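Since the structure comes first, as structure tokens, the remarks are kept for the end.
None of the values given here were measured: they were computed from a predicted structure.
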Amino acid sequence: MDIGDGQALIFKMESHNHPSYIEPHQGAATGVGGILRDVFTMGARPIAAMNALSFGLPSHPKTAHIVKGVVEGIGSYGNCFGVPNVGGEVRFHASYNGNCLVNAFAAGLADTDKIFYSAASGVGMPVVYLGAKTGRDGVGGATMASAEFDDTIEEKRPTVQVGDPFTEKRLLEACLELMQTGAVISIQDMGAAGLTCSAVEMGDKGGLGIKLQLDDVPQREADMTAYEMMLSESQERMLMVLHPEKEAEARAVFEKWDLDFAIVGETIPEDRFLILHGNAIKADLPLSKLSSEAPEYDRPWVPTPAAPQMDPVPQVDGIDALKALIASPNYAHKAWVWEQYDHMVMADTVRAPGLGAGVVRVHGTAKAVAFTSDVTPRYVRANPVEGGKQAVAEAYRNLSAVGALPLATTDNLNFGNPEKPEIMGQFVGAIQGIGAACAALDMPIVSGNVSLYNETDGKGILPTPTIGAVGLLGSLDELIAGQPEAGDFAILIGETTGHLGQSALLAEVFHREDGDAPPVDLAAERRNGEFLRANRALVKAATDLSDGGLALAAFEMAEGAGLGLTLDEGETGFLFGEDQARYLVACGFDQAEALMVAAAAAGVSVHSVGRFGGETVTLGGSSAPLSELSAIYRGAFEAALG
């Protein structure tokens with residue numbers, strides 16, 4: 001995405017779900033490594049990372065082990081590589097008991113006239129292997145990722161790759177240096193299916209064939225077969241098509257960084273993928289049939305039936321319900337997670353994790369970029385179209401709440417087995433909703449990933465189409481990053497009807513997951529987001545409203561500032577309803593008055609709903625000391641996971 005001044009933001013999100021369940025530390029670590037390579041293979045220096053994590057119930061015997069391993073793996077790889085982790089999300093649900101989700105996001109900066117692509121060109125050009133040596137780790141990893149789990153899961157451990165972040169850091173520097181030499185025709189990282197996928201994609205995009213001589217592939221293990229070499233997913237490797245006259249210069253760069261540089265093949269004019277090993281032809285087939293001309297599936301699907309009418313939700317005591325929410329690891333403070341990540345490396349992080357969208361300064365300019373990751377899987381299961389819309393809309397709100405202009409999105413579509421028509425129906429509906437929201441909110445999808453067959457013993461995960469989104473701040477003066485102060489008014493932007501279907505309140509207090517997802521009015525989303533950004537000078541602090549509604553958003557804002565809070569109304573739907581297109585902002589008296597005048601002119605609903613200050617949280621007629629609630633909120637995550 002063009003961000004002006006001759007600069008582009010390059011970003012993507014990818015899954016490493018199955019490997020992270022089998023071997024949590026390495027599975028998550030290599031997920032981070034893979035997405036970083038996706039970014040710097042295009043000539044971009046990574047500036048930020050995020051992750052979206054979905055785990056089984058804390059009471060499940062494997063969950064604590066998986067959470068610990070995944071968080072350690074993400075932290076160790078990203079911290080050693082040296083990229084700030086600025087945001088993400090963590091959720092727990094029984095549907096992920098046998099199949100966690102680890103979605104990794106990375107973003108980097110490049111000059112718009114120095115972006116590198118993966119389409120090979122020219123006949124007889126050398127195909128060059130770059131980076132670490134090939135081993136047997138990860139052989140068959142892509143195949144494993146497209147299969148359901150069963151009781152043979154432990155046998156799949158050898159299909160998980162092993163990462164080395166220090167080698168990746170050297171590979172980054174070597175690639176960026178190599179790109180300055182003019183030697184690169186095309187370049188691509190070796191990800192899923194390793195050498196096979198990278199070679200086929202490069203050739204096919206350029207309309208060329210590829211001939212590989214596997215005897216020349218750098219190997220760290222003896223007697224590897226052609227099958228093992230072609231499907232190994234050893235990490236920290238790239239494949240490049242090289243200008244032959246630049247070979248010596250390019251080789252010198254990689255030798256300086258102590259990395260392998262080996263010519264392993266050439267481009268050929270025929271539509272062939274020819275693999276030689278030990279003077280024998282191991283494969284010879286039309287290359288295009290593996291990529292652009294591969295058969296397409298047209299799977300049968302059935303739409304998700306409309307949610308039945310839900311039973312009424314009883315009125316609740318506001319404080320008791322808030323305690324239930326903040327005592328859940330889904331809504332408790334997540335410092336245990338993000339404190340294991342270095343979010344200040346590179347010294348450009350402006351807004352750290354735990355406060356909504358992360359913000360990173362564009363080094364050497366006045367600009368900044370904001371990042372967020374969002375989806376509410378319960379909504380998507382109940383109503384895939386509205387749930388898909390809502391994921392994009394919430395990302396739009398998170399970016400708007402820090403003052404950023406939402407620019408674009410990437411997606412990570414995590415679903416169960418698409419051979420089941422009802423699962424395929426979820427997939428179709430979610431894409432329809434995502435597409436409608438992206439068009440209405442002017443947030444194109446520029447990259448993404450699909451992860452299917454997320455099932456164990458025939459039970460699928462909640463449909464989880466994660467949306468990663470980026471926004472732009474023309475200068476840090478546009479940033480909304482303050483906190484409420486004692487005496488400030490709590491101002492609600494947007495209409496409230498009290499929608500409780502599929503809400504956090506239902507799930508955590510009543511242990512129900514029924515009703516329809518909240519409807520998403522995309523015109524209201526855009527109108528209210530534009531209103532907030534246009535009036536940011538009147539606002540000290542802002543947050544969007546999502547899970548937990550007004551009560552949870554107001555508590556999080558107040559608790560972060562060390563303040564108490566009074567919300568005037570105690571009706572359950574008002575406090576905990578999850579109507580969309582809403583923001584909570586903190587303003588002084590004069591600013592609140594000016595905001596209401598501006599809202600009347602813009603046709604936006606704005607109401608004062610309470611005040612910040614004191615040492616007590618009061619919701620309608622119910623109160624509790626802030627200190628008591630804060631202790632629950634900040635201790636519940638670790639307590640739930642032992």
Requested in this report: Output yes when a side-chain donor or acceptor of Q219 lies under 3.5 Å from a complementary backbone atom of V217, and no otherwise.
Outcome: yes
Query raised in the report: Taking all atoms of both residues into account, what is the closest heavy-atom pair of L36 and A106, and its distance?
Result: CD2-CB, 3.9 Å
Report summary line: Contacts of D271 meeting salt bridge (charged side-chain N to carboxylate O under 4.0 Å, His left out) (sequence neighbours excluded), chain-then-number -> none
List, one per line, each side-chain donor-acceptor pair under 3.5 Å for residues 37-53, sequence neighbours excluded.
unit_1, atom_1, unit_2, atom_2, d
R37, NH1, G33, O, 3.4
R37, NH1, E168, OE1, 2.8
R37, NH2, Q235, OE1, 3.2
D38, OD2, K12, NZ, 3.4
R45, NH1, E173, OE2, 3.0
R45, NH2, E173, OE1, 3.0

Query raised in the report: Which atom pair, heavy atoms only, marks the closest approach of T30 to H16?
Result: OG1-CE1, 3.0 Å
Report task. Kindly write out the residues that satisfy side-chain hydrogen bond (donor to acceptor under 3.5 Å, both in side chains) with D374, not counting sequence neighbours, or none if the list is empty. Result -> T372, N398
Requested in this report: Using a strict 4.0 Å threshold on nitrogen-to-oxygen distance, state whether R251 and E249 make a salt bridge.
Outcome: no
Query raised in the report: Is the backbone of E228 close enough, under 3.5 Å, to the side chain of S232 for a donor and an acceptor to pair up by distance?
Result: no
Query raised in the report: Under 3.5 Å, is there a donor-acceptor pair linking the side chains of N85 and H343?
Result: no
**Report entry** Side-chain heavy-atom pair M13, I35 within 4.5 angstrom cut-off
**Finding:** no
Report task. Could you tell me whether the side chain of Y21 reaches within less than 4.5 Å of the side chain of V102, counting heavy atoms only? Result -> no
Query raised in the report: Can you list the steps and then say if I263 with E247 is a side chain to side chain contact (heavy atoms under 4.5 Å, CB included)?
Result: CA-CA 9 Å; I263 295 175; E247 180 189 336; 3.5 Å; yes
Query raised in the report: Are any of the side-chain heavy atoms of R272 and P286 separated by less than 4.5 Å?
Result: no
Query raised in the report: When you check the side-chain N and O atoms of S451 and N454, is any donor under 3.5 Å from an acceptor?
Result: yes
**Report entry** Chi angles and distances behind the salt bridge (charged side-chain N to carboxylate O under 4.0 Å, His left out) call for R237, D189
**Finding:** CA-CA 6 Å; R237 302 180 302 158; D189 75 299; over 6 Å; no
Query - Ring-ring centroid check F415 F427, cutoff 6.0 Å - result: yes
Report task. Check the pair Y227, I275 against side chain to side chain contact (heavy atoms under 4.5 Å, CB included), reporting the backbone distance first and the verdict last. Result -> CA-CA 10 Å; Y227 180 90; I275 301 167; over 6 Å; no
Requested in this report: Please identify each residue that fulfils salt bridge (charged side-chain N to carboxylate O under 4.0 Å, His left out) with E266, with sequence neighbours left out.
Outcome: none
Query - Any donor-acceptor N/O pair, Q213 side chain to D216 backbone, under 3.5 Å - result: no
Requested in this report: Could you tell me whether the side chain of R170 and the main chain of D258 form a donor-acceptor pair under 3.5 Å?
Outcome: yes
Requested in this report: Can you see which heavy atom on M179 is nearest to which on I187, and at what distance?
Outcome: CE-CG2, 4.0 Å
Query - Pairwise salt bridge (charged side-chain N to carboxylate O under 4.0 Å, His left out) hits with a residue in residues 191-200, at least two apart - result: none
Requested in this report: May I ask you to test the V470-V369 pair for a side-chain heavy-atom distance under 4.5 Å?
Outcome: no
Report summary line: Applying side-chain hydrogen bond (donor to acceptor under 3.5 Å, both in side chains) to T376 and not counting sequence neighbours gives Q390
Report summary line: Rounded to the nearest 0.5 Å, the CG atom of L399 sits from the CE atom of M443 at a distance of 5.5 Å
Query raised in the report: For D2, what residues pass the side chain to side chain contact (heavy atoms under 4.5 Å, CB included) criterion, not counting sequence neighbours?
Result: T112
Query raised in the report: Taking C-beta and beyond as the side chain, do L214 and L195 meet within less than 4.5 Å on heavy atoms?
Result: yes
Query raised in the report: So, do L290 and F273 sit near enough that their side-chain heavy atoms are less than 4.5 Å apart?
Result: yes
Report task. Compute whether any side-chain donor of one residue and acceptor of the other, for Y96 and T464, lie under 3.5 angstrom apart. Result -> yes
Query - Residues which pass side-chain hydrogen bond (donor to acceptor under 3.5 Å, both in side chains) with S15, listed by chain and number, not counting sequence neighbours - result: N449
Report task. For K211, look at atom NZ and say whether over 12 heavy atoms of other residues, nucleotides or ligands are found less than 6.0 Å away. Result -> no
Query raised in the report: Which residues pass the salt bridge (charged side-chain N to carboxylate O under 4.0 Å, His left out) test with D260, sequence neighbours left out?
Result: K133
Report task. Can you sort out the partners of D215 under side-chain hydrogen bond (donor to acceptor under 3.5 Å, both in side chains), two or more places apart, ordered by chain and number? Result -> none
Query raised in the report: Any side-chain donor paired with an acceptor under 3.5 Å for D204 and S288?
Result: no
Query raised in the report: Within the side chain of D342, is there an N or O that forms a donor-acceptor pair under 3.5 Å with the backbone of M344?
Result: yes
Query raised in the report: What pair of heavy atoms forms the shortest contact from A469 to A395, and how long is it?
Result: CB-CB, 3.7 Å
**Report entry** Approximate separation, where rounding is to 0.5 Å, of M1 CE and T410 OG1
**Finding:** 12.0 Å
Report task. Verify, without hydrogens or angle tests, whether T365 (side chain) and K367 (backbone) share a donor-acceptor contact under 3.5 angstrom. Result -> yes
Query - Between N414 and N103: side-chain donor-acceptor atoms closer than 3.5 Å - result: yes
Report task. Go through the steps for V375 and I467 under the test side chain to side chain contact (heavy atoms under 4.5 Å, CB included), then give the verdict. Result -> CA-CA 6 Å; V375 67; I467 299 294; 5.8 Å; no
Query raised in the report: Are side-chain heavy atoms of I445 and I434 found at a separation under 4.5 Å?
Result: yes
Requested in this report: Compare every heavy atom of M230 with every heavy atom of T196, then report the nearest pair and how far apart it is.
Outcome: OG1-O, 2.8 Å
Requested in this report: Kindly write out the residues that satisfy salt bridge (charged side-chain N to carboxylate O under 4.0 Å, His left out) with E177, not counting sequence neighbours, or none if the list is empty.
Outcome: K256
Report task. Check for a donor-acceptor pair, side chain of S447 on one end and backbone N or O of F11 on the other, with a separation under 3.5 Å. Result -> yes
Query raised in the report: Taking the side chain from E233 and the backbone from G194, do they hold a donor-acceptor pair closer than 3.5 Å?
Result: no
**Report entry** Chi angles and distances behind the side chain to side chain contact (heavy atoms under 4.5 Å, CB included) call for F55, V70
**Finding:** CA-CA 10 Å; F55 300 112; V70 164; 4.0 Å; yes
Query raised in the report: Where is the tightest heavy-atom contact between C100 and N17, given as atom of each residue plus distance?
Result: O-CB, 3.5 Å
Query raised in the report: Would you say the side-chain atoms of E236 pair up with the backbone N or O of D164, donor to acceptor, closer than 3.5 Å?
Result: yes
Query raised in the report: Counting N and O atoms only, with roles assigned by atom type, does the side chain of T456 sit under 3.5 Å from a partner on the main chain of G98, one being a donor and the other an acceptor?
Result: yes
Distance-only check: which donor-acceptor pairs under 3.5 Å involve side-chain atoms of residues 113-129, not counting sequence neighbours?
unit_1, atom_1, unit_2, atom_2, d
S118, OG, Q188, OE1, 3.2
S118, OG, K205, NZ, 2.8
Y129, OH, A132, O, 2.6
Y129, OH, T134, N, 3.1
Y129, OH, T134, OG1, 2.7

Query raised in the report: Do L212 and L274 come within less than 4.5 Å of each other through their side chains, counting heavy atoms only?
Result: no
